[in-house]
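Working notes for the structure below.
If you're wondering where the values come from, they're calculated on a predicted model, not measured in any experiment. Whatever order the structure lists ligands and atoms in, that order sets their numbers, starting from 1.
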Amino acid sequence: MSREVTLVGLAELSAGVVRARLLAEHDRFWDVDTRSLHDPVWFDQFGGFGVLARSCDGLDVGYLLGTVSADRLAYVHLLTVRDDRRRTGLGRRLVRRFDAIAISTGARVVQAVARPEDAATIGLHTALGATVHLAPDRAGPGQDRLVLTRSLQR
Ligand SMILES: CC(C)(COP(=O)(O)OP(=O)(O)OC[C@H]1O[C@@H](n2cnc3c(N)ncnc32)[C@H](O)[C@@H]1OP(=O)(O)O)[C@@H](O)C(=O)NCCC(=O)NCCS
């Protein structure tokens with residue numbers, strides 16, 4: 001099923017239109033409210049790092065927003081696959097496409113941050129080789145997060 005899906009760089013698309021479309025379908029993509037994390041900066045200024053997955057019938061079925069820092073750290077800000085398209089390899093494809101973009105800009109390490117209860121995100125990144133570190137209170141008092149870190153060296 002994943003092969004029927006095309007990955008497109010966000011920079012090739014109309015950023016504002018894509019953002020509005022993804023927010024309109026928010027609950028098909030997310031189990032928790034992530035609307036405030038979809039700041040336009042991820043689509044406009046950092047759109048060159050973003051990847052959108054589209055089905056052959058034109059449906060948005062997954063996306064990754066991220067960037068690379070000045071010290072060559074790639075950061076996955078948001079990664080999601082539409083609820084009816086999970087476990088088809090699409091999350092892995094989105095990450096691999098981001099890896100390639102990040103490596104082309106000189107990134108050596110990639111990180112993502114997950115909620116401790118987000119087994120799918122943790123499972124995906126660790127399946128790709130990430131190590132996991134607990135960041136106590138990272139999102140506020142009592143709100144721990146896991147930092148997932150993986151080398152991009154080939
Ligand atoms: C995380 C997410 C992007 C993974 O996308 P996906 O397309 O389903 O992942 P893939 O099919 O590429 O899976 C790749 C690997 O990741 C791991 N994985 C994926 N989903 C998993 C799950 N639910 N539990 C454990 N491991 C999982 C597996 O190792 C899997 O390989 P396998 O299928 O050969 O076993 C997707 O589950 C998602 O969008 N989740 C919702 C995110 C969300 O709402 N987060 C907030 C919750 S607190």
Side-chain angles (χ1 to χ4, degrees), residues 1-11 13 15 18-43 46-68 73-103 107 109-154:
M1 187 189 288
S2 178
R3 284 185 197 83
E4 301 165 13
V5 172
T6 306
L7 302 189
V8 189
L10 279 187
L13 304 165
V18 172
R19 178 174 177 270
R21 234 169 39 214
L22 297 178
L23 285 174
E25 292 285 302
H26 177 277
D27 293 353
R28 298 300 306 266
F29 286 105
W30 298 101
D31 303 332
V32 296
D33 189 348
T34 66
R35 288 179 182 80
S36 65
L37 300 176
H38 289 72
D39 190 283
V41 72
W42 295 100
F43 295 83
F46 298 148
F49 296 99
V51 188
L52 177 70
R54 305 205 75 192
S55 67
C56 53
D57 50 353
L59 196 66
D60 300 317
V61 291
Y63 58 98
L64 185 156
L65 307 178
T67 191
V68 175
L73 174 68
Y75 174 63
V76 178
H77 174 62
L78 291 176
L79 166 64
T80 186
V81 169
R82 194 178 154 98
D83 55 9
D84 57 351
R85 301 293 182 125
R86 290 178 189 162
R87 292 314 275 265
T88 67
L90 189 47
R92 193 187 295 263
R93 279 182 67 191
L94 285 162
V95 171
R96 287 305 190 198
R97 176 64 64 92
F98 177 68
D99 283 359
I101 297 168
I103 289 168
V109 172
V110 59
Q111 282 190 333
V113 175
R115 294 167 182 261
E117 65 272 21
D118 190 353
T121 298
I122 298 160
L124 172 56
H125 287 285
T126 54
L128 292 171
T131 55
V132 185
H133 294 97
L134 178 66
D137 300 327
R138 190 182 194 279
Q143 296 194 56
D144 300 346
R145 292 292 183 266
L146 299 179
V147 179
L148 305 152
T149 305
R150 177 167 54 87
S151 171
L152 289 171
Q153 306 283 16
R154 298 291 152 112

Got the closest protein heavy atom to [atom], with its distance?
atom: atom 12 (O) of ligand 1; answer: Arg92 N, 2.9 Å
atom: atom 39 (O) of ligand 1; answer: Val81 N, 2.9 Å
atom: atom 38 (C) of ligand 1; answer: Arg86 NE, 3.4 Å
atom: atom 37 (O) of ligand 1; answer: Ala120 CB, 3.3 Å

Hey, looking at atom 8 (O) of ligand 1, which of Arg87, Arg82, Arg28, Arg96 has the closest heavy atom? Arg87
[X] heavy atoms, cut-off 4.0 Å: which ligand 1 atoms fall inside?
X: Arg115; answer: 48 (S)
X: Asp31; answer: 44 (O)
X: Thr80; answer: 3 (C), 39 (O)

Examine Gly89 against ligand 1 and note whether any of their N/O atoms are separated by less than 3.5 Å. yes
Taking distance alone, with no angle check, do Arg85 and ligand 1 share an N/O pair under 3.5 Å? no
Ala127 and ligand 1 - part of the residue with a heavy-atom distance under 4.0 Å: side chain
Residue-level breakdown please: for Thr34 versus ligand 1, do any non-hydrogen atoms fall below 4.0 Å on the side chain, on the backbone, on both, or on neither? neither
Between Arg138 and Asp144, does any NZ, NE, NH1 or NH2 come within less than 4.0 Å of an OD or OE carboxylate oxygen? no
Would you call Arg19 and Asp39 a salt bridge, taking side-chain N to carboxylate O under 4.0 Å as the test? no
